[in-house]
Amino acid sequence: MKLSSNLGSAVVEIIIVVLVAGIMVGVPLLITAKGTDDAAKLAVQTAITNFTNKVKTTGVLKQEDYDNLVLELEATGNAYNTEITVQKLDENPAKKSSDSKGSGIYYTMFDTQVKESLPLKLKEGDTITVSAIMKGKNWVESIAGFLAGNAEKDKIVAQESAMITGNPVE
């Protein structure tokens, strides 16, 4: 009888030691990972903002600048898709249709059209929207989502819009 009693208390002690070790290691690890994740999101937002501001002031969307943006996003250690949408101002739609005259209208170029048109010259009044969408989740978000019962899909991490103020340099 004494043998089974000692065995039972040993199992309880092992469980307690494993739980305490898990808490002592797991909590700081999660806190550190969350801080790293926040830093990565800030780096992504900064890269998107800098890219958008460069296009805004120069009026040109260049392949080289886009490639540098992709490299900056990859440097964070996470995988991102970028989406670029351009709204071009058509200042004289009356030339194309007889029923509309006067003020300009916008037409939209979506991601694939924009990337196929690089380098793309924009003019004053056009707008650009750039988004970075995280592919999948990192392990911190996976654990947090599992514990919360969320099955969140890809999400926009950073987005920036701007109206073109500079004219393309020839």
Side-chain angles (χ1 to χ4, degrees), residues 1-58 60-87 108-120 122 126-165:
M1 183 107 173
K2 189 167 176 128
L3 180 63
S4 66
S5 171
N6 288 337
L7 183 61
S9 65
V11 170
V12 170
E13 287 177 9
I14 291 172
I15 291 172
I16 290 173
V17 168
V18 169
L19 285 174
V20 169
I23 291 171
M24 289 178 64
V25 171
V27 171
L29 184 62
L30 286 174
I31 291 170
T32 304
K34 176 74 171 117
T36 304
D37 189 42
D38 291 343
K41 287 179 182 177
L42 180 60
V44 169
Q45 182 64 51
T46 302
I48 295 290
T49 301
N50 290 343
F51 175 77
T52 306
N53 285 340
K54 185 170 187 176
V55 174
K56 171 185 169 183
T57 56
T58 63
V60 180
L61 180 57
K62 298 178 187 175
Q63 182 70 46
E64 178 183 350
D65 294 336
Y66 175 73
D67 292 341
N68 288 336
L69 171 66
V70 170
L71 289 174
E72 284 184 56
L73 296 180
E74 288 176 356
T76 64
N78 296 321
Y80 297 96
N81 284 329
T82 57
E83 288 187 5
I84 303 173
T85 306
V86 172
Q87 290 186 319
T108 304
M109 292 178 70
F110 294 100
D111 187 59
T112 304
Q113 295 168 310
V114 171
K115 290 175 183 172
E116 288 175 354
S117 301
L118 294 178
L120 181 63
L122 304 171
D126 294 347
T127 61
I128 183 171
T129 302
V130 183
S131 303
I133 300 142
M134 183 181 281
K135 295 187 230 176
K137 297 181 192 176
N138 59 27
W139 67 272
V140 175
E141 291 173 336
S142 297
I143 292 171
F146 174 75
L147 294 175
N150 295 340
E152 188 177 317
K153 293 187 177 180
D154 296 349
K155 64 178 181 175
I156 294 178
V157 175
Q159 187 171 34
E160 189 73 28
S161 295
M163 184 171 280
I164 307 304
T165 57

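Taken from OG1 in Thr165 to CG in Leu122, the straight-line distance is 11.0 Å, to the nearest 0.5 Å. One finds the CD atom of Glu64 at 12.0 Å from the CG atom of Leu118 (value rounded to the nearest 0.5 Å). Rounding to the nearest 0.5 Å gives a distance of 11.5 Å between CD of Gln63 and CG of Leu120. Rounding to the nearest 0.5 Å gives a distance of 13.0 Å between CG of Leu19 and CE of Met24. For the atom pair CD of Glu116 and CG of Asp111, the computed distance is 9.5 Å after rounding to the nearest 0.5 Å. One distance of note links OG1 of Thr57 with CD1 of Ile164; it measures 8.5 Å at 0.5 Å rounding.
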* **Test log, rule side-chain contact (heavy atoms from CB on, under 4.5 Å), inputs Val157 and Asn78** => CA-CA 11 Å; Val157 175; Asn78 296 321; over 6 Å; no
* Asked: So Val44 and Leu73, side-chain contact (heavy atoms from CB on, under 4.5 Å) or not? Walk me through it.
  -> CA-CA 6 Å; Val44 169; Leu73 296 180; 3.7 Å; yes
* Worked verdict on Glu72 versus Thr46 for side-chain contact (heavy atoms from CB on, under 4.5 Å) -> CA-CA 10 Å; Glu72 284 184 56; Thr46 302; over 6 Å; no
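For the side-chain contact (heavy atoms from CB on, under 4.5 Å) criterion with Gln87, the lone passing option out of Thr127, Ile128, Thr129 is Thr127.
Closest approach of Lys62 to Val60, counting heavy atoms only: CG-CG1, 3.6 Å. Of all the heavy atoms in Ser161 and Thr52, the pair that sits closest is C-CG2, 4.3 Å. What you find for Ala43 and Thr76 is that their closest heavy atoms are CB-CG2, 4.1 Å.
Using a 4.5 Å heavy-atom cutoff, the side chains of Lys135 and Asn81 are in contact. In this structure the side chain of Ile48 never reaches within 4.5 angstrom of the side chain of Gln159, judged on heavy atoms. Side-chain contact between Phe51 and Val70: absent, with no pair of heavy atoms (C-beta onward) separated by less than 4.5 Å. Proximity of Gln113 to Val86: side-chain heavy atoms (C-beta onward) are nowhere separated by under 4.5 Å.
Looking only at atom types and distance, the side chain of Glu83 has no donor-acceptor partner in the side chain of Ser131 under 3.5 Å away.
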